[in-house]
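Read through the structure below, which is laid out as structure tokens, and then see the notes.
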Amino acid sequence: MTVDTPAALNDADFHGWAEDLRGPVALVLRQKLLPVEGDGGVIFPATFAGIGYNIDKLSDGTRVAQVDSVGSQANRMEPLFRASPPGRPVNPLADLVPQIEIRLGNERSVSILEAGHRLGDAVVRASELSTTAQVAFNTYDLGDAGPIAKLAPTSLVFGAWDSRDTQVKLPRVVSAVIRAWDVDVLTRSAQYTPAANYSDLQVFSAEEGAKATNDAKSPLAQRGFVHVPAVGSHGGVVARGGIWREVTVNLVALRQLGGENGEALRAYILGLALVAAAEPQDGFLRQGCLLTLDPDAPSQWNEVARTGKRRAIELTGDVALAFARAAAERFGVGPSMSVAFDPAKAKKDVAKKDK
């Protein structure tokens, strides 16, 4: 298999991605991942209510497991821009976006970068930002993405839907997913043994203990006082066809962003998108699923034209960050702020939903 030599990037490439209506439609990154245990190691995909692992069976019998969904990947990438908590190393990406904190009382706060629905989240609607966010969504609907870019630019990068208020939808510029191919599904069993014989200690009678033993639904079992087996539970998967992460930067969606300072805005959002896509990932997805890049299968970026033709490009995290910094300085990062959560607004919002 012949691998094309990646093309070095220049200013014309970045400008074309954001401004050329006849230019490429997407940038695509494909990465092969490995469990830290090595090729063939067991990994634990995400589980979902009612189905367990999300595994699809193709027409040829191949089974494909969703290891991390588009939504989960977005929620992992977005906090890359959050300022570091006190006492930790400084995050070099934090100054690219405004740091918006919503105070939940006197001791806790939540960053908008960690709110599940971003600018459309309930925590925003029930805060001092509610009116500002509503105006920003409505302004976007009129063709100006500027207010959102100043307030919550990652909502433009990863998408948002203000489904409980204005109904405005922001399409994703960056999307990513991790799948394991040609998987074999494993199960596992375990036995819980209590630290003491609690019936001997007169916590309950021997008859009550005997009845509850091996019954996972009994109150004594649920509180850890009797023996309980766990048989045939999820034991992970082995990926015979490899584990692949695929990232797409949607240049068509990017070029649809408008506003008074549209060219600078699009460059700014492009810079954030490239940083999010190119920044090395923390591969600890969940217990039993710690992944790294496969050193024998280099990651590959491709620029995809409207014709489908692909051009290998050299897009590193350092190149993306340098462009993002210049674009952010030109556009002007919105102000950081700390605002209060308002329980009265939350109650009003709930009443509106009930009605």
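Side-chain atoms are counted along with the backbone in the values below, which use heavy atoms only and exclude waters and symmetry mates. In this chain, numbering begins with 1 at the start of the sequence shown.
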Is it true that [X] and [Y] have a side-chain N and a carboxylate O under 4.0 angstrom from each other?
{"X": "Lys32", "Y": "Glu246", "answer": "no"}
{"X": "Arg82", "Y": "Glu114", "answer": "yes"}
{"X": "Arg325", "Y": "Asp95", "answer": "yes"}
{"X": "Arg286", "Y": "Asp68", "answer": "yes"}
{"X": "Asp184", "Y": "Arg240", "answer": "yes"}
{"X": "Asp13", "Y": "Arg311", "answer": "yes"}

| said: What verdict does the side-chain contact (heavy atoms from CB on, under 4.5 Å) test give for Leu104 and Val110, after you've listed the backbone C-alpha separation in whole Å, the side-chain angles of each residue and the deciding distance to 0.1 Å? | reply: CA-CA 7 Å; Leu104 308 176; Val110 60; 4.2 Å; yes

Can you confirm whether [X] sits close enough to [Y] that some side-chain heavy atom of one is under 4.5 Å from a side-chain heavy atom of the other?
{"X": "Ile269", "Y": "Val157", "answer": "yes"}
{"X": "Glu303", "Y": "Trp17", "answer": "yes"}
{"X": "Val228", "Y": "Asn214", "answer": "no"}
{"X": "Val183", "Y": "Val64", "answer": "no"}
{"X": "Phe204", "Y": "Val226", "answer": "yes"}
{"X": "Trp181", "Y": "Arg63", "answer": "no"}
{"X": "Phe14", "Y": "Val319", "answer": "yes"}
{"X": "Met337", "Y": "Gln99", "answer": "no"}

Can you tell me how far apart [atom1] ([X]) and [atom2] ([Y]) are? Round to the nearest 0.5 Å.
{"X": "Trp301", "Y": "Gln31", "atom1": "CH2", "atom2": "CD", "value": "8.0 Å"}
{"X": "Leu33", "Y": "Ile43", "atom1": "CG", "atom2": "CD1", "value": "9.0 Å"}
{"X": "Leu129", "Y": "Ile100", "atom1": "CG", "atom2": "CD1", "value": "6.0 Å"}
{"X": "Leu274", "Y": "Leu29", "atom1": "CG", "atom2": "CG", "value": "11.0 Å"}
{"X": "Ile148", "Y": "Leu265", "atom1": "CD1", "atom2": "CG", "value": "10.0 Å"}
{"X": "Thr154", "Y": "Leu170", "atom1": "OG1", "atom2": "CG", "value": "10.5 Å"}

| request: Would you kindly check if the NZ (Lys) or CZ (Arg) of Lys150 is within the cone defined by 45 degrees around the ring axis of Phe331 and under 6.0 Å from the six-membered ring centre? | output: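 Because its charged atom sits under 6.0 Å from the ring centre and within 45° of the axis, Lys150 does stack over Phe331.
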
Do [X] and [Y] get their side chains close enough for a donor-acceptor pair, meaning under 3.5 Å?
{"X": "Ser109", "Y": "Glu101", "value": "yes"}
{"X": "Asp318", "Y": "Thr316", "value": "no"}
{"X": "Thr62", "Y": "Lys57", "value": "no"}
{"X": "Asp165", "Y": "Gln134", "value": "yes"}

Measure from the side-chain N and O atoms of [X] to the backbone N and O of [Y], and report whether any donor-acceptor pair falls under 3.5 Å.
{"X": "Tyr198", "Y": "Gly224", "value": "no"}
{"X": "Asn250", "Y": "Ala253", "value": "yes"}
{"X": "Asp121", "Y": "His117", "value": "yes"}
{"X": "Arg245", "Y": "Val177", "value": "no"}
{"X": "Arg266", "Y": "Leu254", "value": "no"}
{"X": "Ser111", "Y": "Leu113", "value": "yes"}
{"X": "Arg172", "Y": "Phe158", "value": "yes"}
{"X": "Asn91", "Y": "Leu80", "value": "yes"}

Verify the neighbour count for atom [atom1] of [X]: are there more than 12 heavy atoms of other residues, nucleotides or ligands below 6.0 Å?
{"X": "Gln287", "atom1": "CD", "result": "no"}
{"X": "Glu260", "atom1": "CD", "result": "no"}
{"X": "Arg179", "atom1": "CZ", "result": "no"}
{"X": "Arg306", "atom1": "CZ", "result": "yes"}
{"X": "Gln222", "atom1": "CD", "result": "yes"}
{"X": "Asn10", "atom1": "CG", "result": "yes"}

| task | Test Val174 against every option in Met77, Gln73, Glu78 by the side-chain contact (heavy atoms from CB on, under 4.5 Å) rule and name the one that passes. | result |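 Going through Met77, Gln73, Glu78 one by one, the side-chain contact (heavy atoms from CB on, under 4.5 Å) with Val174 is satisfied by Met77 alone.
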
| message | If you apply the rule side-chain contact (heavy atoms from CB on, under 4.5 Å), what do you find for Trp244 with Arg30, and how did you get there? | response | CA-CA 7 Å; Trp244 293 89; Arg30 202 156 188 262; 3.5 Å; yes

Is [Y] reachable from [X] through a run of I, L, V, M, F, W or Y residues, each pair having side-chain heavy atoms under 4.5 Å apart?
{"X": "Leu285", "Y": "Leu293", "value": "yes"}
{"X": "Val173", "Y": "Val304", "value": "no"}
{"X": "Phe225", "Y": "Leu201", "value": "yes"}
{"X": "Leu291", "Y": "Val42", "value": "yes"}
{"X": "Leu9", "Y": "Leu321", "value": "yes"}

| task | Test Leu34 against Ile243 for side-chain contact (heavy atoms from CB on, under 4.5 Å), laying out the working first. | result | CA-CA 7 Å; Leu34 284 177; Ile243 306 165; over 6 Å; no

Locate the shortest heavy-atom distance separating [X] from [Y]; write the atom from each residue and the value.
{"X": "Ser205", "Y": "Glu208", "answer": "N-OE1, 2.9 Å"}
{"X": "Thr248", "Y": "Ala26", "answer": "CG2-CB, 4.2 Å"}
{"X": "Gly120", "Y": "Arg125", "answer": "O-NH1, 3.2 Å"}
{"X": "Phe341", "Y": "Ala346", "answer": "CZ-CB, 3.8 Å"}
{"X": "Ile102", "Y": "Ser127", "answer": "CG2-CB, 4.0 Å"}
{"X": "Gly236", "Y": "Phe44", "answer": "N-CE2, 3.5 Å"}

| field | Test of ring centre spacing under 6.0 Å for His234 and Tyr53 | value |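 Yes - the distance between ring centres of His234 and Tyr53 falls below the 6.0 Å cut-off.
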
| Stepwise, does the side-chain contact (heavy atoms from CB on, under 4.5 Å) test hold for Arg255 with Glu19? | CA-CA 6 Å; Arg255 296 185 197 116; Glu19 299 299 320; over 6 Å; no

| said: Please evaluate residues Lys345 and Ser130 with respect to the criterion side chain to side chain donor-acceptor pair (under 3.5 Å), reporting the C-alpha separation (whole Å), side-chain torsions for both, the decisive distance (0.1 Å), and the verdict. | reply: CA-CA 9 Å; Lys345 286 187 176 183; Ser130 58; 3.0 Å; yes

